[in-house]
2 protein chains.
Amino acid sequence: MENRAISQAVIKRLPRYMRYLTEMRARGVVRISSQELSEQMKVTASQIRQDLNLFGGFGQQGYGYNVENLIHEIGSILGLDQSHDIIVIGAGNLGRALAGYANFENRGLYIRALFDIAPENTVSQVRGLPVYSMDALPEYLRNNRVDIAVLTIPKTAALAVAQTLYNNGVRGFWNFAHLDLELPADAYVENVHLSDSLMQLTYRLKHQ
Amino acid sequence: MENRAISQAVIKRLPRYMRYLTEMRARGVVRISSQELSEQMKVTASQIRQDLNLFGGFGQQGYGYNVENLIHEIGSILGLDQSHDIIVIGAGNLGRALAGYANFENRGLYIRALFDIAPENTVSQVRGLPVYSMDALPEYLRNNRVDIAVLTIPKTAALAVAQTLYNNGVRGFWNFAHLDLELPADAYVENVHLSDSLMQLTYRLKHQ
DNA sequence: TTTTCTTTGTCAATCCTTTGACAATGTTGA
DNA sequence: TCAACATTGTCAAAGGATTGACAAAGAAAA
């Protein structure tokens with residue numbers, strides 16, 4: 001696709017554009033100028049135009065951007081034009097919460113199964129999704145495509161499980177365990193540290 | 001405390017320092033140089049020294065930093081030296097997952113209660129925490145201190161609930177609803193958009 | 001003690017990101 | 001069809017963040 005290096009800052013903003021545009025489309029908005037969008041999103045119009053232009057000119061002088069088209073383009077940039085098969089490791093509250101996200105499927109993100117070490121969790125089902133024992137993981141990986149594994153397990157278990165997944169071809173990791181996962185360079189790990197974000201809040205409560 | 005403006009970038013890094021240092025302390029590490037820490041955290045030593053110096057000199061030339069002391073100092077910067085009373089609005093899987101975080105209490109973060117609109121959820125209990133009906137919220141707020149409200153409710157309900165909370169004195173909001181909450185300037189809102197982070201992962205899977 | 005070594009705190013240079021400005025271009029209305 | 005208008009795409013300037021370098025300060029060793 002594009003060849004210039006896109007900065008992390010820009011990539012982080014794309015899903016946010018997506019959210020606002022999808023919201024607008026739901027309200028029946030057909031076209032939008034960078035100026036209007038910037039007012040709603042509380043960013044500069046210049047930044048929006050600059051960001052979008054990194055990927056090609058999606059707008060039209062004198063007109064603005066077509067909302068539907070822009071959603072399509074940004075979705076394609078984000079890889080949401082192709083479907084992703086996802087499994088969740090750890091069927092605790094967090095794992096079940098993520099597996100239950102209703103909107104993922106609209107974006108081609110399909111949760112296929114959950115895995116858990118505790119027998120009590122392997123009996124029931126979440127949203128009709130199968131919950132398997134961890135023992136069944138290697139075999140599952142041999143027989144099923146998995147693009148992304150969501151890790152909602154304790155940090156003590158995370159690295160070993162991630163390595164098993166990696167060795168069986170999984171390259172996308174959405175990690176909620178409390179450590180920064182380190183895997184070979186061809187694996188893509190998104191570490192989510194929820195408590196880090198809470199601490200930013202306590203910082204601001206104290207200082208502002 | 002300090003008077004210079006601290007950039008958002010720095011504040012985001014503080015909890016990460018905290019994590020690595022706590023981990024080290026658990027392994028019995030007593031002192032650490034910015035050089036060693038930088039190697040483990042994969043950042044530059046210069047950045048660590050620069051960050052810490054914004055808040056005062058916690059190190060000692062020729063020695064480095066005392067791990068215990070540094071944890072204490074960063075904790076204080078982050079406001080973890082004072083206790084925070086927290087309630088969770090929405091007792092679904094996500095709300096229960098956050099209410100169940102074991103490590104919060106070590107940091108002075110006390111989850112006091114959950115609230116939910118659905119009767120089925122108000123009967124049971126999470127970790128011994130009371131789960132109240134949403135109707136009971138205004139009265140609870142009149143009788144109890146609440147520093148932070150965690151919102152794990154649908155975006156359609158989020159703004160109205162947040163305004164009720166704000167009007168009853170709550171100023172900290174950890175928002176998981178799929179919208180950017182807008183409240184008066186003296187409220188501190190930390191918006192967490194989990195699906196945004198997943199999309200960064202799909203971006204990288206597609207492009208790298 | 002004294003010397004050598006280590007490592008911080010800090011400054012300036014570099015690098016990256018954001019913003020403002022405007023020519024180019026297509027839209028809209030007459 | 002043409003003139004007036006709106007808005008993009010893009011460039012350069014301004015603003016922030018990160019890095020490298022080194023003097024100052026204390027630790028460790030002799």
Side-chain angles (χ1 to χ4, degrees), chain A residues 1-17 20-21 24 29-74 77 196 200 203, chain B residues 1-17 20-21 24 29-74 77 196 200 203:
Chain A
M1 186 158 262
E2 72 288 340
N3 33 21
R4 269 160 303 182
I6 305 294
S7 81
Q8 190 58 31
V10 174
I11 299 165
K12 269 207 181 132
R13 284 193 291 264
L14 295 177
R16 186 155 185 263
Y17 293 138
Y20 278 80
L21 290 166
M24 279 173 195
V29 178
V30 171
R31 68 182 253 196
I32 186 92
S33 68
S34 59
Q35 182 60 39
E36 285 173 87
L37 187 56
S38 76
E39 281 158 17
Q40 295 199 38
M41 296 187 65
K42 310 261 163 80
V43 297
T44 63
S46 190
Q47 180 166 79
I48 292 173
R49 293 204 298 276
Q50 182 108 286
D51 283 353
L52 296 178
N53 264 84
L54 290 171
F55 300 97
F58 305 135
Q60 195 94 103
Q61 277 107 328
Y63 176 91
Y65 299 86
N66 176 281
V67 173
E68 183 66 43
N69 176 248
L70 198 48
I71 288 173
H72 177 261
E73 292 289 357
I74 297 178
I77 293 164
D196 284 18
Q200 289 173 57
Y203 174 91
Chain B
M1 184 158 265
E2 73 288 341
N3 33 22
R4 268 160 303 182
I6 306 293
S7 81
Q8 190 58 30
V10 174
I11 298 165
K12 269 206 181 131
R13 285 194 291 264
L14 294 177
R16 185 155 184 264
Y17 293 137
Y20 278 80
L21 290 166
M24 279 172 195
V29 178
V30 170
R31 68 182 253 194
I32 186 93
S33 69
S34 60
Q35 182 59 40
E36 286 173 87
L37 186 56
S38 77
E39 280 158 18
Q40 295 199 38
M41 296 187 65
K42 311 259 164 81
V43 298
T44 63
S46 190
Q47 181 165 79
I48 293 174
R49 292 204 299 276
Q50 182 107 286
D51 283 353
L52 295 178
N53 264 85
L54 290 170
F55 300 97
F58 305 135
Q60 195 95 102
Q61 276 109 327
Y63 175 90
Y65 298 86
N66 176 279
V67 173
E68 184 65 43
N69 177 247
L70 199 48
I71 289 173
H72 178 260
E73 293 288 358
I74 297 178
I77 294 163
D196 285 17
Q200 289 173 56
Y203 174 91

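The figures that follow rest on heavy atoms only: side chains count, while hydrogens, waters and symmetry mates do not.
- Proximity of B:Asp51 to B:Tyr17: side-chain heavy atoms (C-beta onward) are separated by under 4.5 Å at one or more points.
- In this structure, the side chain of B:Arg13 does not engage the main chain of B:Gln47 through any donor-acceptor pair within 3.5 Å.
- The nearest whole Å value for the distance from the CD atom in A:Gln47 to the P atom in D:dG16 is 14 Å.
- The interatomic distance linking B:Gln8 (CD) with D:dA17 (C1') rounds to 13 Å, in whole Å.
- Remark: P of C:dT17 and CG of A:Leu54 are 10 Å apart, rounded to the nearest angstrom.
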*If a protein heavy atom is under 4.0 Å from the base, mark B; if only from the sugar-phosphate, S; if neither, -; do that for nucleotides 2-13 of chain C going 5' to 3'.*
----BBBBBB--
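- Nearest heavy-atom pair across B:Leu21 and B:Val67 is O-CG1, 3.7 Å.
- Remark: P of C:dT17 and NZ of A:Lys12 are 11 Å apart, rounded to the nearest angstrom.
- The separation between B:Ile6 atom CD1 and D:dG16 atom C1' is 14 Å, rounded to whole Å.
- A close approach under 4.0 Å does not occur between any side-chain nitrogen or oxygen of B:Thr44 and OP1 or OP2 of D:dT18.
- Note on the helix from C:dT1-D:dA30 to C:dA30-D:dT1: terminal axis deviation equals 30°, with five pairs used at each end and the result rounded to 10°.
- Atom pair B:Arg13:CZ and D:dA17:P shows a separation of 9 Å (rounding to whole Å applied).
- A straight line from CD1 of A:Ile48 to P of D:dT7 spans 13 Å, rounded to a whole angstrom.
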_Test side-chain contact (heavy atoms from CB on, under 4.5 Å) applied to B:Ile11 and B:Ile77, step by step_ = CA-CA 9 Å; B:Ile11 298 165; B:Ile77 294 163; over 6 Å; no
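- The side chain to side chain donor-acceptor pair (under 3.5 Å) test applied to A:Gln40 returns no partner, not counting sequence neighbours.
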